[in-house]
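One structure below.
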Amino acid sequence: MSDDKIGNKTGSEGLSETDKGYYEDLYNDLPKEVVDILMQTHPLMGKNDDLEATAYRARRPQRREDVEEVKEARMQQVGNEINEVSRAPQQEGDPTRYVSRRARNAESAHTSAPKGNTMNQDDYDDGIQMPDYLVMTSGNTSGAPICRDDNDAIAELSYLCDCMLSHNRKIRIRADDSVMDYYKDEPYMIRRSRGYAPLPVMVSAPWKGQVLAVGGELKNSFCIGVDGRFYLSPYVGDLEDLRTVNALKETIGRLETLLEVEPPVVVSDMHPRYNSTMIAEESGLPVIKVQHHYAHILSCMAENDCEEKVIGVSFDGTGYGTDGTIWGGEILIADYQGFTRLGSIQPFVQVGGDVSAKEGWRIAVSLIWQNTGDLEKTLDTVRKLGLCTEQEAKVLVTMAQRKLNAVTSTSAGRLFDGVSAILGIRRASTFEGEASTALEFAAEAWRAQEIQKKNVDTVSGERTDIKRNVETTGADEKPETGNRKIILNTGDIVAHLVREKLEGEDSGKLAYEFHRALADEILAACEEAEQETGIRKVALSGGVFQNRLLLELVDDGLAEKGFEVLKHSLIPPNDGGIALGQAAYGMAYVQRHRQV
């Protein structure tokens, strides 16, 4: 360790030569900035003769060969020792001098590397130049809420970071960073939090009353409705983690206190096993349950201050349907009074429960089997595409046939995952949406290349071998019971993609054809709905419409056909926005029952 690291700037003049040599070894691998703070807050600094310094020396091993043992102990000790300093009385606004040493055991990897090897533990071979220091304004382990106090931060983040700067001011409410995309030069919110929440959404309807909507299970946020104002909370997170559930309860209480309201009713999702639904039921208040995809459309309507009936295109991952199946690619007729399920994508068997959301190849096998109806043909296709082993394919088909851990699904999100696997883009996802976004990026890259080659603004992507006209079911079926009059021919699209892929067609081109074909199916369904109902206003919502390529194709196509299109802007189209739709329905429900 160089002398400048523990020179006068650190105030090390208070150390004896023995102590100085000891710390040269102990802090040898730390950056100078970290050493400065550690030394300034150390019990030995300027206190050579007091009891604290004497006690500290007594518990410190005197033999230099014990340095490695001390290092490990110090990693555990430094958080407690310096955290005590951080709790000392300070002036309001004065930052706490607090550093926590990372807890991962990386010293051995660092010190045992050959002298000629300049690669360290934080280097990667991707060619991207990174700065020496990364500063994060907040942190949490995956699936958990943001750490809000020092104890949580030390317990959960020590292995992720080198240093932590604390403060004596308590954090009252967690607020993640907001995440925003742009669509046609307009904001398109992905995660609404810091800087935007809880700014209210205003509607012109003369509603009076108060409601609490607890949102969904994933990307949770809740909403408090007060008359015509709807206060959507900051992003809370996924409620699969108990810590996030507790954070939701706490944040609800704080926002109710802030707004000085006590809503007499609670609105929740229909899914009986959602933790958000359980929170609503445990509140002791009357609970109004709203279907997931209907809430998506109402959210879009509320953001656009629309009260009239719309054709709702609600495409997302999964949601509990009124018929007990999994919905996710829905065509609805909706207003604040209720909805009719007019159509959906072609149903398929979703095998494997929640794991199928991460392993798109499972959906791909199910889609292929559903198209062929023959085990041998399915196995042959799966083998040629390299989706899985023959044994895995046999098991999946058997489970689908016998409905073992399998559900009927119209999930558009899982359809994207399956197509991504079929085209060899992503067989499985390591994070939510990975396969679907990779499919989108492949399609956009191909389109960009084609536009550059042809020197044109758009690529039509027209095909003659995919049927676009939607199928209609029997007139005696009643959509409000869960049956559909319109079925989008997504099975034909998948069959076309499989044939073309096996013939060696470019995956990027096929990815674009999938987006184009699905958009055409949606346009045809909206035209069919308009002919039946006379409605010419369409609302687009659901997490799938974070896909800007699909959004653009559907939006432009509807506009060309004379439809008025409602889209999201400052409210997320994903599950982070459904609490607004729930609250809007709850408020309309309160008005109806007040008038009775």
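Annotation: salt bridge (charged side-chain N to carboxylate O under 4.0 Å, His left out) contacts of E217 (sequence neighbours excluded): none. Taking R229 as the reference, nothing meets the salt bridge (charged side-chain N to carboxylate O under 4.0 Å, His left out) condition, with sequence neighbours excluded. Partners of R191 according to the salt bridge (charged side-chain N to carboxylate O under 4.0 Å, His left out) rule, which considers only residues two or more places apart in sequence or in another chain, do not exist here.
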What donor-acceptor contacts under 3.5 angstrom involve side-chain atoms of residues 135-145, with partners at least two apart or in another chain?
unit_1, atom_1, unit_2, atom_2, d
N140, ND2, A144, O, 2.9
T141, OG1, E156, OE1, 3.4

Would you list the atom pairs, donor with acceptor, under 3.5 Å between side chains in residues 263-273 and any protein atom, with sequence neighbours excluded?
unit_1, atom_1, unit_2, atom_2, d
D269, OD1, H271, N, 2.8
D269, OD2, H292, ND1, 3.0
H271, ND1, R273, N, 3.1

Quick one: side chains of residues 197-216, donor-acceptor pairs under 3.5 Å with protein atoms, not counting sequence neighbours, listed by atom name and distance.
unit_1, atom_1, unit_2, atom_2, d
S204, OG, D305, OD1, 3.2
S204, OG, D305, OD2, 3.0
Q210, OE1, E262, N, 3.2

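Of the possible donor and acceptor atoms, none in the side chain of D555 sits under 3.5 Å from a partner among the backbone N and O of L558. Listed for the N304 side chain is no donor-acceptor partner under 3.5 Å among the backbone atoms of C306.
Of the N and O atoms on the side chains of Q350 and S356, at least one donor lies less than 3.5 Å from an acceptor on the other residue.
Judged by a 6.0 Å distance limit and a 45° cone about the ring axis, R414 is not positioned over the six-membered ring of F315.
Between Y183 and Y188, the ring-plane angle classifies as tilted under the 30° and 60° cut-offs.
Salt-bridge annotation for R148 and D152: absent, with no side-chain N of the basic residue lying under 4.0 Å from a carboxylate O of the acidic one.
Proximity of the aromatic rings of H296 and F545 is defined here by a centroid distance below 6.0 angstrom, and this criterion is not met.
Heavy-atom neighbours of D354 CG from other residues, nucleotides or ligands within 6.0 Å: at or below the threshold of 12.
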